Amino acid sequence: MPEPAATSDSESTAAESSDSPESNEPTAQEAWDSLSVTQQRAAVFRVQAGRETAEAFVVAFVLALLFRAFIAEAFVIPTGSMAPALMGAHKDVFCQQCGEQFPVGASLENRDVNIENVVVGGICPNCRFTNPMDLAATPDHGTFSGDRILVSKFAYAVSDPDRWDVIVFKVPVNPKQNYIKRLVGLPNETLSILHGDVYARPTDSAGDSENQPITSPPFNNLGEILRKPPSTLMAMKHVVYDSDHQSSAILKSGFPARLQPWRPGVSEPPSDSWQIQRSDLGLIAELPESAAKSGEANWLRYYHHWPTDEQWAKAVSGLSLAAVDPYSSRLITDFHAYDAYLYVDADRVYDLKPSPARVSRVQRLLGRTHDQGVFRPDYESGGDLEQFGRYLNYGNSGFANEGVHWVGDLIVQTEVETSADAKALTLEIVEAGVRYQCQFDLASGKVSLAISDGKSRPFDGDDGPEALSPQADTGVRAGGQHSIRFSNCDNQLLVWVDGEVIEFDRPTTFNVASFLPFDEVAPVYNGPGDPGDASPVGLTVDGGSAIVRRLTIDRDKYYIATDGSTQMMLDYDMNRLSDFAGGMVREDELQAVMGEPTVWKDFPGWGFRKRVSFPLGEDQFFPMGDNSPESLDARCWAGTKEKYGRGRSVDENAYRFANASYVPRDLLVGKALAIFWPHPWRSPLPFTPNVERMRLIR
């Protein structure tokens, strides 16, 4: 007999043996039949529950993947290119002198696995005191991770992006990496940057060349200036001054206040006008009734000055600074506190450098990216930064301690109370010698706007021979207290009363080029009696007394006109400027010009500011970072592809947009919606939520 038959017989015999009555093991069916009905139902429920739980996990996982891929995704901001609206790795600082809170960038600490450079100080945007970091003893002086934001991936599937949206996209020079910027230029238009503002016109206009940036001094054919909505304008502003934040050391030294009484023609502050009182709680300016009824013009004006490093050292040491001219002033510039970080090589601070390898997941959730490391015994944490000598660096550019571009677009806000007999309240912003005014009639509450450079200038829509004043009704009356905000940004005047934007009866926009050609736009100074741009903000009350309890000044965004990654972030044509000067012009020399009003009219650099233009075609978008001095964006990323290893790519089409100054629609990822989790504070508890920075993204 064949062998397989024998094997089959033995298997059959074994099976019969197992089924025989002599076996003690019950079958599965017998075990089930032996259970009561209740036990059978419980067993069924257990099996179904386990299966449903497993199915729920699978479904949830699939839905999470679908949600992440098509609906929304969380991102962490890595760098400060969108600061201060969105922050990457940074340090939050409370100024040791005036108490102003401000962030400074620290992304350079994350460029290597271990920290090779460490941020040890930051410059206050309000009082300009250089704050040293106490890295050893103050937990909140450590580096915080970037904002965590929620991005809608569905938004641009159903609608086109809007101008000023904050967008996430695959950067053309490295399509594996996501960037986040603000969308400024839209398809089929030519975008131009001039004097910090942005203009747009249809791309099919004469003179466009497809996808090639244009750099030229002529200022014609720019198109329309791009204006930000009020909410976006406020989200993008930068602090210049806050009268609520005063330094005790400065008060004791007698250094003059930045708000001073002024009348036309005077060379020093009049004593019978606004009275200035300063304390640790802030500044109060009071106009006495006697001055208000004297018939004199009584202005409270802002002068942009602060102590130098040497003067700060004297003030902190208790020495007097009362001899400083109260009418001394500088130009308001594009100084960016986020970029004004001071750093040194890490080996000048640590014996064992901080490392991410020693940070737990829980610590990362708390906002920590590196451990504390081991400090050098000779490092004086929180001490004078002179301990680093010549090894101390100022920002990425090396000249971030002060801006180099004049900014005339300003926002002033004040808390003002007037007496019952006051007749009028006027706020004024000066830019290039032109006076932009917001005037309240305190009897009727009517507010009107005016532009004057010796002549009354028109707003858009004025067709007659005379300029017409936009007007609106408000609740501002004599005897009341109100918060009033007035802005002159992007060739538009805006007014807020108690937080509400006022609607006027006619356009409040204007074309400055109609009365001041672009090549003549420059700061004006005619001496203390007519300071012009040396005192760019003023306030006056007529007919009655008044009290100003707080006054803040912010500046608008200043976009630097550049079109190459190899150039410095400067508006000026440095080759032309150096040729004119007969030698190389340094950045610190430009900064010196900003601080000397008597040389403004003779400075040739105003005429050497560049205009750059970028033609955009169908489905091409132009994003820029809010932090213009330190943003790699559509202005300047073209040509950087080699840095990211284009030559090593196996896909020839992966970098086909690397030389383009735009983002194609295919590389758009989504719209940034909200900061849902900013870094938590490390004190008073290790995990104190930072609730005030949880907000919608404007």
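Numbers for residues simply follow the sequence, beginning at 1. The structure displayed is predicted, hence computed values, not measured ones.
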If you look only at distance, which donor and acceptor atoms sit under 3.5 Å apart when one is on a side chain in residues 686-696 and the other is two or more places apart or in another chain?
| unit_1 | atom_1 | unit_2 | atom_2 | d |
| --- | --- | --- | --- | --- |
| T688 | OG1 | L685 | N | 3.2 |
| T688 | OG1 | L685 | O | 3.1 |
| N690 | OD1 | W681 | NE1 | 3.4 |
| N690 | ND2 | H679 | O | 3.3 |
| R693 | NH2 | D147 | OD1 | 3.4 |
| R693 | NH2 | D147 | OD2 | 2.3 |
| R695 | NH2 | E692 | O | 3.3 |

Can you tell me how far [atom2] of [Y] sits from [atom1] of [X], rounded to the nearest 0.5 angstrom?
X    : Y    : atom1 : atom2 : value
I697 : T232 : CD1   : OG1   : 12.0 Å
M87  : S107 : CE    : OG    : 11.0 Å
Q260 : S535 : CD    : OG    : 9.5 Å
N110 : T79  : CG    : OG1   : 10.5 Å
F335 : H405 : CZ    : NE2   : 15.0 Å
S248 : R278 : OG    : CZ    : 11.0 Å

Practice problem: With sequence neighbours excluded, give me every ring pair (Phe, Tyr, Trp, His ring centres under 6.0 Å) pair touching residues 240-259. | Solution: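 Of all non-adjacent pairs touching residues 240-259, those that pass ring pair (Phe, Tyr, Trp, His ring centres under 6.0 Å) are Y241-Y302, F255-H305.
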
Practice problem: Report the C-alpha separation of C489 and I411 in whole Å, then their side-chain angles, then the decisive distance to 0.1 Å, and conclude whether the side chain to side chain contact (heavy atoms under 4.5 Å, CB included) test is met. | Solution: CA-CA 8 Å; C489 299; I411 307 163; 3.9 Å; yes

Main chain of [Y], side chain of [X]: is a donor-acceptor contact present, judged purely on distance under 3.5 Å?
X    : Y    : answer
S578 : M574 : yes
D242 : D244 : yes
S381 : L135 : yes
T138 : H141 : no
N131 : F129 : yes
S253 : A315 : no
Q591 : E402 : yes
Q413 : W496 : no
D325 : A323 : no
K237 : D554 : no

When you compare the side chains of [X] and [Y], does any donor N or O come within less than 3.5 Å of an acceptor on the partner?
X    : Y    : result
D92  : H90  : yes
S628 : R635 : yes
Q246 : S279 : no

Decide yes or no for [X] and [Y]: does some side-chain heavy atom of the first lie under 4.5 Å from some side-chain heavy atom of the second?
X    : Y    : answer
W637 : V663 : yes
I332 : W406 : no
F388 : V349 : yes
E109 : V118 : yes
D280 : L251 : yes
D378 : Q387 : no
N396 : L108 : no
P629 : S397 : no

Exercise. Identify, with sequence neighbours excluded, every residue that meets salt bridge (Lys or Arg N to Asp or Glu O under 4.0 Å) alongside D134.
Key: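 Testing D134 for salt bridge (Lys or Arg N to Asp or Glu O under 4.0 Å), a comparison that skips the adjacent residues, returns none.
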
Where [X] and [Y] come nearest, the two heavy atoms and their spacing:
X    : Y    : result
L385 : V120 : CD2-O, 3.5 Å
P269 : Y327 : CA-OH, 3.2 Å
R549 : S243 : O-OG, 4.5 Å
G408 : I429 : O-CG2, 4.4 Å
Q97  : A249 : OE1-CB, 3.5 Å
W164 : R182 : O-NH1, 3.1 Å

Name all residues meeting the side-chain hydrogen bond (donor to acceptor under 3.5 Å, both in side chains) criterion together with [X]; count only those two or more places apart in sequence or in a different chain, and write none if there are none.
X    : answer
D165 : Y156
D351 : none
R348 : none

Pick one: which of [options] meets side-chain contact (heavy atoms from CB on, under 4.5 Å) with [X]?
X    : options          : value
E431 : L410, D409, V407 : D409
V104 : Y341, Y338, Y343 : Y341
Y525 : D533, V599, T598 : T598

Practice problem: Evaluate the criterion side chain to side chain contact (heavy atoms under 4.5 Å, CB included) for residue pair I193 and D571; output intermediate values, then yes/no. | Solution: CA-CA 10 Å; I193 305 172; D571 260 7; 5.6 Å; no

Self-check item: Neighbour count above 12 (heavy atom, 6.0 Å) for K170 NZ
Solution: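 Yes, the 6.0 Å shell around NZ holds more than 12 heavy atoms from other groups.
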
Quiz item: With a 4.0 Å cut-off, would you call D556 and K228 a salt bridge?
Solution: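 Between K228 and D556 there is a salt bridge, with a charged N closer than 4.0 Å to a carboxylate O.
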
Quiz prompt | CA sep, side-chain torsions, deciding dist, call: V198, M624, side chain to side chain contact (heavy atoms under 4.5 Å, CB included) | solution = CA-CA 11 Å; V198 189; M624 289 193 286; 4.0 Å; yes

Quiz item: Could you go step by step and tell me if F75 and I180 meet the side chain to side chain contact (heavy atoms under 4.5 Å, CB included) rule?
Solution: CA-CA 10 Å; F75 288 85; I180 182 166; over 6 Å; no

